[in-house]
Amino acid sequence: MKPQLLKGTRDFLPDHISKRKYIFDTIETVFRKYAFARIETPAMEALETLTGKYGEEGDKLLFKILNNGNFLDKADASALEAKDSQKLALSIAKRGLRYDLTVPFARFVVLHQNELVFPFKRYQIQPVWRADRPQKGRYQEFYQCDADVVGSESLLYEAELVSIYHEVFAKLGLGVEIKINNRKVLFGIAEAAGITDKFVDMTVGIDKLDKIGEEGVRKELAERGIGSESVDKIITLLAIADYKQLREHFAEGSEGWKGLQEIEQVFGFLGDSGIKDLKFEITLARGLSYYTGCIFEVAVDKSKHPNVVMGSIGGGGRYDNLTGSFGMPGLSGVGISFGAERIYDVLEELNLFPTEVLEKPRAVFMAFDEASLVWAFKAAQAVRAEGIDVEVYPDAGKIKKQMKFANDKGVQYAAIVGDQEVANKTVALKDLDTGEQVSLDLEALISKLK
RNA sequence: GUGGUUGUAGCUCAGUAGGUUAGAGCGCUAGUUUGUGGCACUAGAGGCCGUCGGUUCGAGCCCGAUCUUCCACCCCA
């Protein structure tokens, strides 16, 4: 049997884990600062819980878990006969791996509604799975870091979430653009163009503006059956970068007008808070069909990091009725998600990880002979008792080999023990960076390594 | 899911028109140095050339399938 990694999955080596931990810790610290509480949910959910929440495309990307036992016994015979995989799946798989953290959270809220205090703020850092075709920055198993609030329609939360995005990326030293739009504004555009029936087609089309340009969008919209007059109207409205100007094109009290009100309120809360990376982006649409109000997306700021090629590294928005399908209508929520893997890839590419994130033991203890090894272990235990991380090389003997071990592991100090050290109850501490070596008793050793 | 691309030593990659024992750099092991890593020098180990099948006297090289990588579309973190 040849060892293999499944498509779109990765192993994490110790250094990789240290760097990921740095990202997770940074995000978590900010989440907690805004009073979000951590929860966890199972990797698998009832397939029923997951299907139909992410649109048709999303359903195709769900990993399904084959039922245990003699599943063929209960399989849909006609679907099997007709080779209808889609239909057959329902009868042989009742569970699936979660596709994101938001839908399981909605299920969680409904299930535990009597134990929660609303508005409920939770964060969750767990892996999700998608049967997507892998690419750079796109995996089949990846971690999401989500913060959501349910049980309030206040736009204060939109402002908080924007602040969280801002603070996390500032801490990570990564220049980003936080884009904000509102589904109601998009609906207003559809209304103004008289194509509310083609709302979804319109959003998919205009989302590509910066990628395929105005002509490309015109073509795309036409192909989706939107008349040329409507297309002209849409293009005209998209050209208005300032949301305050855009309001003149919407009737007072209309959906689009309300959407602009909401955006204005979010900017109002943030005021002079110094968040310069928030930008109204009228073409931002986002695919997930459950969003109803403000929507967010975070991308690497190309003006600060021109060579980075990476899709969005975060996204989110407001959903007015997520829990509705679980029998709890009228509960509004808003949330954001960080794409930890993509953030990792970008930080790595830009060399933005501080060197101290790599967690190394302070010293490796090594001995020339068996008797010295006993003293080396004893000394190491004394140092460990002070809360200092150290390693003891397990075999006495060739110091060259042991030094190389310490060097390869990236450890700064070698604590060497031989006859003389045992006799004097000292260790010879060598700094592998500078090459300097001193003889220290335990007390001096501890204060040096602390 | 559609189209394309990639796979040779632990890693990064050469491999000329199909022709004997498949190469390099880095890394690894040992020694030069029996109380000292990094640097240098010397020697050595390590490859069913992604997998399965086909064409051929003969395949790393040609053909097919499959898996994987990356790219575009779709969608997305």
Side-chain angles (χ1 to χ4, degrees), chain A residues 1-10 13 23 27 54-62 85-86 99-102 125-146 165 176 200 203-205 207-208 211-212 216 220 284-289 296-300 309-316 335-346 363-364 366-369 372 393 396-422 427-437 439:
Chain A
M1 164 102 203
K2 207 174 168 181
Q4 57 168 348
L5 263 179
L6 253 29
K7 173 167 60 178
T9 66
R10 300 167 302 159
L13 273 62
I23 294 171
I27 292 169
Y54 310 105
E56 243 176 90
E57 288 300 314
D59 283 356
K60 288 183 196 159
L61 301 181
L62 283 174
S85 310
Q86 202 86 17
Y99 177 91
D100 72 355
L101 300 177
T102 309
I125 299 176
Q126 288 191 274
V128 303
W129 294 268
R130 296 182 187 178
D132 213 347
R133 194 175 278 202
Q135 270 180 43
K136 189 191 181 81
R138 173 181 291 191
Y139 306 96
Q140 292 205 335
E141 177 186 69
F142 61 97
Y143 274 71
Q144 285 192 330
C145 313
D146 276 27
Y165 266 145
V176 294
V200 174
T203 55
V204 181
D207 198 29
K208 298 178 185 167
K211 202 170 187 179
I212 60 179
E220 176 99 20
L284 176 64
R286 293 192 63 73
L288 293 173
S289 43
F296 310 104
E297 195 160 290
V298 182
V300 175
V309 180
M310 184 57 80
S312 65
I313 53 176
I336 55 170
S337 180
F338 288 83
E341 327 289 339
R342 289 189 176 178
I343 293 170
Y344 178 96
D345 288 348
V346 171
V364 173
M366 50 193 75
F368 283 100
D369 54 73
S372 305
Y393 195 84
K398 292 198 171 160
I399 285 299
K400 182 186 172 105
K401 193 175 177 185
Q402 303 187 55
M403 291 288 274
K404 188 165 161 41
F405 171 81
N407 197 54
D408 289 349
K409 282 195 78 161
V411 173
Q412 190 184 356
Y413 291 105
I416 308 160
V417 174
D419 308 344
Q420 296 169 33
E421 285 76 19
V422 174
V427 305
L429 190 72
K430 177 162 184 172
D431 184 328
L432 297 184
D433 292 341
T434 62
E436 280 168 32
Q437 186 167 324
S439 184

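In the text below, chain A, chain B and the rest are named by the order of the sequence lines, each starting its count at 1. Quantities reported herein were computed from a predicted structural model and do not represent experimental measurements.
- When heavy atoms are screened at a 4.0 angstrom cut-off, A:Val204 is found touching the sugar-phosphate backbone but no base atom.
- Look at CD on A:Gln126: it is 17 Å from P on B:rA77, rounded to the nearest Å.
- Nucleic acid contact class of A:Ile313 (heavy atoms, under 4.0 Å, all strands): sugar-phosphate only.
- When the P atom of B:rU36 is taken as reference, atom CG of A:Asp419 falls 14 Å away, rounded to whole Å.
- Residues A:Gln126 and A:Asp146 fail the side-chain proximity criterion, which asks for heavy atoms closer than 4.5 Å.
- Residues A:Phe338 and A:Tyr165 are in side-chain contact: their nearest non-hydrogen atoms beyond the backbone lie under 4.5 Å apart.
- Between A:Lys7 atom NZ and B:rU6 atom P the separation is 18 Å, expressed in whole Å.
- Between the CD atom of A:Gln140 and the P atom of B:rC70 there is a distance of 11 Å, given to the nearest Å.
- The side chain of A:Gln135 sits closest to B:rC73 out of B:rC73, B:rA77, B:rC28.
- Note on A:Lys409: nothing from the nucleic acid sits closer than 4.0 angstrom, heavy atoms only.
- B:rA40 and B:rG50: their C1' atoms are spaced 39 Å apart (whole Å).
- Partners of A:Asp433 according to the salt bridge (charged side-chain N to carboxylate O under 4.0 Å, His left out) rule, which considers only residues two or more places apart in sequence or in another chain, do not exist here.
- The pairing partner recorded for B:rU56 is none, the criterion being a Watson-Crick or G-U wobble arrangement whose two distances lie under 3.5 angstrom.
- Across all strands shown, A:Gly58 has no heavy atoms under 4.0 Å from either base or sugar-phosphate atoms.
- In the set B:rA77, B:rU33, B:rC73, the nucleotide with an atom closest to the side chain of A:Lys211 is B:rC73.
- Atom P of nucleotide B:rU69 and atom CG of A:Asp132 are separated by 13 Å, given to the nearest angstrom.
- The residue A:Gly8 sits close only to the backbone: its heavy atoms come under 4.0 Å of sugar-phosphate atoms, none of a base.
- Within the 4.0 angstrom heavy-atom criterion, base atoms lie near A:Glu421.
- A:Gln402 comes within 4.0 angstrom of nothing in the nucleic acid, heavy atoms only.
- No contact: A:Asp345 has no heavy atom under 4.0 Å from any strand.
- Of the listed nucleotides (B:rG31, B:rG37, B:rA77), B:rG37 has the atom at the smallest distance from the side chain of A:Lys430.
- Distance A:Gln412 CD to B:rG38 P: 18 Å, rounded to the nearest Å.
- The NZ-C1' distance, from A:Lys400 to B:rA30, rounds to 9 Å in whole Å.
- A:Arg138 has its CZ atom 10 Å from the P atom of B:rC71, to the nearest Å.
- Residue A:Lys398 is classed as a sugar-phosphate contact, given heavy-atom separations below 4.0 Å to backbone atoms only.
- For A:Lys404, the side-chain atoms get nearest to B:rC28 when compared with the rest of B:rC28, B:rG35, B:rU36.
- If you take atom C1' in B:rU69 and the same atom in B:rU51, they sit 15 Å apart, rounded to whole Å.
- Counting any heavy atom pair closer than 4.0 Å across all strands shown, A:Tyr139 reaches a base atom.
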